[in-house]
*Asks:* 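Have a look at this one.
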Amino acid sequence: MDLNKKPRNKTIPLAIAFSVIYILFSFKPIGTELTLTPEWTENILNIHEASEKDGELIPFRLGQNFGYFTDSGKISTCKSYPFKSTITSTRYTSYGANTTEFDMYLPNGKKEGTIKEAGFPFFDEDRIYVFLPGGTSFSQFNEKGKQLWRYESYLPVTAFASNSSGCVAGFSDGRLISFNKNGKPDQNFIPGGSDINVILGVDLSEDAKTIACVCGQNEQRFIVASNKDGHSKIIFHKYLEKQLARQTLVKFSPDSKTVYYNYNGGLGIVNLETGRTSEIPIEGKISQIEFSSTSGMVFALSKDKNTYLVSIIEPFDHTVACFDFEGSNGFIMVRGDSLYVGRDTNISKLTVSRK
């Protein structure tokens, strides 16, 4: 079977008992070994109080609503917001265009702290950042609202990513700067190679030693650079045939051995250990790449016009299944062998297994 061909437009019902999920999603398996078993679908406005026995509270954001749900299908919190919000498994907040300070809340709704800083907050797992007005500078804070460090620039930040080891920012002049977890600059360089230097997407490896990015206009490139004795050395680069004129997604795998990037027309993959590369054609913009800690599968969510596509990929580049659904808003979340899919006002759980 040619895996580069688009899957046949054949809808295969999985179980009569879960017909409500068939209305939401159109499944189009490529192989016969992978099974997606629907477990439940719940409306985000159907709120039920959750207890500790319900387990982890999983964050969601759909349209102008955000909140938490449980693995069993309870929507424990759903709040609407007029402008912007940011939410993780540890905290949430919402804010306006001219917010001068904002309160942070725990998943149970208890106030955690207040950040007295004008700007736009960004929560990433347990990390708290605020991008200052003007878009050229940013700070990191702790859970009580105390500023830990600040970086000030005169050029707009065009891409940003963080992990437990630090963070990396890309700027409009094509410069990349990575910071350790204490805010000290580590790598600082301009990849170049294009007529117009700008960083459109970036990520940092878990050990903070390697940066990957999509950069430039006219001779746009995907590059990977590693810190070698205090100097940034490009260890991989590829010119992209069809360039993007927007921000795009770049993502390292949890073990930092593989890096994924959204190019104009699909998903690019580079194995940094073997040097192997591949491209998977996918229409539209890829907004999420999620990893399963149990199966090793990779889940990519893309959107083309009003159609979302979930592509399920086995290492290295074997697309084993995909399904699509119509909607204005959507998300995916992966926990072990569970895949949660949000569409407009509904969230569904599917179990991913092999039979």
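These numbers come from a predicted model, not from an experiment.
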*Asks:* Spell out, as yes or no, whether a donor-acceptor pair under 3.5 Å connects the side chain of Asn163 to the backbone of Ser205.
*Replies:*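 Side chain of Asn163 to backbone of Ser205, a donor-acceptor pair under 3.5 Å: yes, one is there.
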
*Asks:* Taking only residues two or more places apart in sequence or in another chain, which ones pass side-chain contact (heavy atoms from CB on, under 4.5 Å) with Ser164?
*Replies:*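 Partners of Ser164 under the side-chain contact (heavy atoms from CB on, under 4.5 Å) test: Arg127, Glu206.
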
*Asks:* If I compare all heavy atoms of Lys349 with all of Ser338, which pair ends up nearest, and what's the gap?
*Replies:* CE-OG, 3.4 Å

*Asks:* Report yes if the distance between the aromatic ring centroids of Tyr92 and Tyr105 is under 6.0 Å, otherwise no.
*Replies:* yes

*Asks:* Kindly state whether the ring of Phe60 and the ring of Tyr68 have centres lying under 6.0 angstrom apart.
*Replies:*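 No, ring centres 6.0 Å or more apart.
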
*Asks:* Do Phe222 and Phe171 share a hydrophobic cluster, counting only Ile, Leu, Val, Met, Phe, Trp and Tyr and linking them when any side-chain heavy atoms are less than 4.5 Å apart?
*Replies:*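 No; tracing contacts between hydrophobic side chains, which count when under 4.5 Å, never links both residues.
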
*Asks:* Is the Tyr340 to Phe69 ring centre distance short of 6.0 Å?
*Replies:* yes

*Asks:* Tell me yes or no: between the side chains of Thr114 and Asp103, is some donor less than 3.5 Å from an acceptor?
*Replies:*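 On atom types as modelled, these side chains qualify, holding a pair under 3.5 Å.
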
*Asks:* Sub-3.5 Å donor-acceptor pair from the side chain of Glu49 to the main-chain atoms of Ser76, do we have one?
*Replies:*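 Here the side-chain-to-backbone pair does not exist.
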
*Asks:* Hey, is Glu283 close enough to Lys303 for a salt bridge, meaning N to O under 4.0 Å?
*Replies:* no

*Asks:* Shared ILVMFWY cluster between Phe131 and Ile115, side chains joined below 4.5 angstrom?
*Replies:* no

*Asks:* Are Arg354 and Glu314 close enough for a salt bridge, meaning some N to O gap below 4.0 Å?
*Replies:*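 Between Glu314 and Arg354 there is a salt bridge, with a charged N closer than 4.0 Å to a carboxylate O.
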
*Asks:* Between the side chain of Asp54 and the main-chain N/O of Ser51, is any donor-acceptor distance below 3.5 Å?
*Replies:* yes

*Asks:* Does a donor on one side chain and an acceptor on the other come within less than 3.5 Å for Gln64 and Ser80?
*Replies:*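 Judged by distance alone, the side chains do not pair up.
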
*Asks:* Does the pair Arg335/Glu56 count as a salt bridge with the N-to-O cut at 4.0 Å?
*Replies:* yes

*Asks:* If the condition is side-chain hydrogen bond (donor to acceptor under 3.5 Å, both in side chains), which residues does Ser278 pass it with, not counting sequence neighbours?
*Replies:* Asp317

*Asks:* Using a distance-only test with no angle check, is there a side-chain donor-acceptor pair under 3.5 angstrom linking Thr88 and Glu125?
*Replies:* no

*Asks:* Glu279 vs Lys238, test: salt bridge (charged side-chain N to carboxylate O under 4.0 Å, His left out). Steps then yes/no.
*Replies:* CA-CA 12 Å; Glu279 294 180 349; Lys238 177 182 175 64; 3.8 Å; yes

*Asks:* Does Glu152 come within less than 4.0 Å of Arg150, counting only side-chain N to carboxylate O?
*Replies:*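 Judged by the 4.0 Å cut-off on N to carboxylate O distance, Glu152 and Arg150 do form a salt bridge.
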
*Asks:* Does Ser137 reach the main-chain N or O of Ser153 with its side chain, forming a donor-acceptor pair under 3.5 Å?
*Replies:*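 Checked: pair present.
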
*Asks:* Hydrogens and angles aside, do Ser353 and Thr351 bring a side-chain donor and acceptor to less than 3.5 Å of each other?
*Replies:*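 No, Thr351 and Ser353 have no side-chain donor paired with an acceptor closer than 3.5 Å.
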
*Asks:* Is it true that a side-chain atom of Thr37 and a backbone atom of Leu350 form a donor plus acceptor pair closer than 3.5 Å?
*Replies:* no

*Asks:* Do Phe291 and Phe299 make the cut of ring centroids closer than 6.0 angstrom?
*Replies:*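 Not under 6.0 Å, so no.
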
*Asks:* Would Phe160 and Tyr129 count as a close aromatic pair, with their ring centres under 6.0 Å?
*Replies:* yes

*Asks:* Within the side chain of Asn180, is there an N or O that forms a donor-acceptor pair under 3.5 Å with the backbone of Gly183?
*Replies:* yes

*Asks:* Do the numbers put Arg61 on top of the ring of Phe66, so that NZ or CZ is under 6.0 Å from the six-membered ring centre and no more than 45° off the axis?
*Replies:* no

*Asks:* Is it true that Asn329 and Arg343 share a donor-acceptor pair across their side chains at a distance under 3.5 Å?
*Replies:*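 No - no donor-acceptor pair under 3.5 Å links their side chains.
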
*Asks:* Does any donor atom in the side chain of Thr41 or Ser348 lie under 3.5 Å from an acceptor atom in the other side chain?
*Replies:*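 Note: Thr41 and Ser348 side chains meet the donor-acceptor criterion.
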
*Asks:* Do Val250 and Val224 sit in one hydrophobic cluster, given that two such residues count as connected whenever their side-chain heavy atoms are within less than 4.5 Å of each other, even indirectly?
*Replies:*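 As far as the 4.5 Å side-chain criterion goes, Val224 and Val250 are connected within one cluster.
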
